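One structure is given below, encoded as structure tokens.
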Amino acid sequence: MPELPDVEHFRRAFAEAAAGHRVERVVVTDPGILRNVHADELDRALRGHRFEEPDRLGKWLIAGTDGPAILVHFGMTGDIIGAPDPTGRHPHDRVIIELDRGEVRYRNMRKLGGLWLASGPEEVGELLAGVGPDALSLDRRRFLELLDRRRGRIKAALLDQSLLAGIGNLLADEALWRAKIHPARRIEDLSLEERRTLYRALRATMRDTVERYPEGFETRWTRVRGRPAARCPRCRTPLTRTVVAGRTTYFCPAEQLLPGSP
DNA sequence: TCAGTTGTTTATAT
DNA sequence: AATATAAACAACTG
């Protein structure tokens, strides 16, 4: 389920398991998950190095050491698991980093996403050069500036990782629902008040999902989204399912209106 | 059997 | 130049 809140959780799990610990060995059970490095190279590069506090940019996990760093993207099914010993390893644990105490596992069922090796902070910057500012650390002024130089559908903009990073399909739908803005509204038609409302809704949704993880995703909205005969938690109108920006989209047809339609 | 899935990239079209 | 759309990636679920 990885969107920003999930990856923030993975970052904390990685920190808990690996920060301050030394790599003893890297086990790659599926080289197909490695994007810019071979398994033996990865092992050679990381072995003996000590992990620092990991960072996150949007949906990217950045795990630096006193030498190289790894970049991890989770696609739709990635996960980070820290464990004290090899007990409970799973067939979808594609990379396992054995540490001087315990191990940390990169699990990914569908193998969208992957793991990159960077020689250091400079190469991390190069690999993530196209990623926009992190949605969680974006202030309102900056958010409004981003919208000012963007046109087209608001949901497409929210999902564009080069514009702002971390918002996925669920977060976008929920924030737009909270703000009562139709996902296909054109940005140039949104009033200043609507943009401010959207910013507040986005912050509230991110706050709820990050700080009350994983229950944060069990909000009124996500409990109903995607279920058959789903109804708006506020007004009980049946939700509409459509496609916006190439993604399945749910919205309340009574509260999230598109100009020109009833 | 087949549609659908929380993400991204690529190609193509507008 | 931007934005929109569809397909592909891969593996599993209902």
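This is a predicted model, so every value here is computed, not measured. The sequence lines fix the lettering, A, B, ..., with proteins before strands; numbering per chain opens at 1.
- Protein atom NE2 of A/H9 is 15 Å distant from nucleotide atom C1' of B/dT6, rounded to whole Å.
- In DNA chain B, stems built from 3 or more consecutive Watson-Crick or G-U wobble pairs, each with both distances under 3.5 Å, span B:2-5 with C:11-14, B:7-14 with C:2-9.
- A/L164 has its CG atom 12 Å from the P atom of B/dT8, to the nearest Å.
- Side-chain contact between A/R105 and A/R89 is present, with heavy atoms from C-beta onward closer than 4.5 Å.
- For the pairing with A/L57, the side chain to side chain contact (heavy atoms under 4.5 Å, CB included) check across A/L4, A/V7, A/L71, A/D134 returns one residue only, A/D134.
- Here, B/dA3 and C/dA6 have their P atoms 16 Å apart, quoted to the whole Å.
- Within a 6.0 Å sphere centred on NE2 of A/H38, heavy atoms belonging to other residues, nucleotides or ligands number 12 at most.
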N/O to N/O distances under 3.5 Å, protein versus nucleotides 3-5 of chain C:
{"from": "C/dT3", "atom 1": "OP1", "to": "A/R151", "atom 2": "N", "distance (Å)": "3.0"}
{"from": "C/dA4", "atom 1": "OP1", "to": "A/R153", "atom 2": "N", "distance (Å)": "3.2"}
{"from": "C/dT5", "atom 1": "OP2", "to": "A/R153", "atom 2": "NH1", "distance (Å)": "3.2"}

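- A 4.5 Å side-chain heavy-atom check between A/V28 and A/R94 finds every atom pair outside the cut-off.
- Between A/R247 atom CZ and C/dA6 atom P there is a gap of 14 Å when expressed in whole angstrom units.
- Between A/H73 and B/dG7, a side-chain N or O to OP1/OP2 separation shorter than 4.0 Å is absent.
- Residue contacts for A/R35: at a heavy-atom cut-off of 4.0 Å it reaches no nucleic acid atom on any strand shown.
- Contact of the A/T249 side chain with the A/R241 side chain is not registered, since no non-hydrogen atoms from C-beta on lie closer than 4.5 Å.
- A donor-acceptor contact closer than 3.5 angstrom links the side chains of A/H21 and A/R101.
- Residues A/D93 and A/N108 have side chains not in contact (no heavy-atom distance under 4.5 Å, counting atoms from C-beta outward).
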What string of B, S and - do you get for nucleotides 8-14 of chain C, 5' to 3', if B is base contact, S is sugar-phosphate-only contact and - is no contact with any protein heavy atom under 4.0 Å? -BBBS--

Pair A/R47-A/E24, salt bridge (Lys or Arg N to Asp or Glu O under 4.0 Å): steps then yes or no: CA-CA 5 Å; A/R47 206 180 268 235; A/E24 293 201 329; over 6 Å; no

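- For A/L146 and C/dA2, the CG to P distance is 14 Å, given to the nearest whole Å.
- Using a 3.5 Å distance cut-off with no hydrogens or angles, the side chains of A/T205 and A/R178 do pair a donor with an acceptor.
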Between protein and nucleotides 1-4 of chain B, what N or O pairs are separated by less than 3.5 Å?
none

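- Look at A/R225 and you'll find a side-chain N or O under 4.0 angstrom from OP1 or OP2 of B/dT6.
- Looking only at side-chain heavy atoms (C-beta outward), A/L46 and A/P68 come within less than 4.5 Å of each other.
- Residue A/R11 is tested with A/I62, A/L61, A/D6, A/I80 for a side chain to side chain contact (heavy atoms under 4.5 Å, CB included); the sole match is A/L61.
- Distance A/D79 CG to B/dT6 C1': 13 Å, rounded to the nearest Å.
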Might you list the N or O atoms of the protein lying below 3.5 Å from N or O atoms in nucleotides 9-11 of chain B, with each pair's distance?
none

For residues 117-126 of chain A, please give each side-chain donor-acceptor pair under 3.5 Å, one per line with the distance, not counting sequence neighbours.
{"from": "A/S119", "atom 1": "OG", "to": "A/E123", "atom 2": "OE1", "distance (Å)": "2.7"}
{"from": "A/E123", "atom 1": "OE1", "to": "A/S119", "atom 2": "N", "distance (Å)": "2.9"}

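- Between the P atom of B/dT8 and the CG atom of A/L57 lies a distance of 11 Å, rounded to the nearest Å.
- The nearest pair of heavy atoms linking A/E3 to A/I167 is OE1-C, 4.1 Å.
- The 12-atom threshold is exceeded at CD of A/E188, counting heavy atoms of other residues, nucleotides or ligands nearer than 6.0 Å.
- The environment of A/E16 atom CD is sparse: at most 12 non-hydrogen atoms of other residues, nucleotides or ligands sit within 6.0 angstrom.
- Under a hydrophobic-cluster definition in which Ile, Leu, Val, Met, Phe, Trp and Tyr are linked whenever side-chain heavy atoms come within less than 4.5 Å, directly or via other members, A/L34 and A/V72 are assigned to the same cluster.
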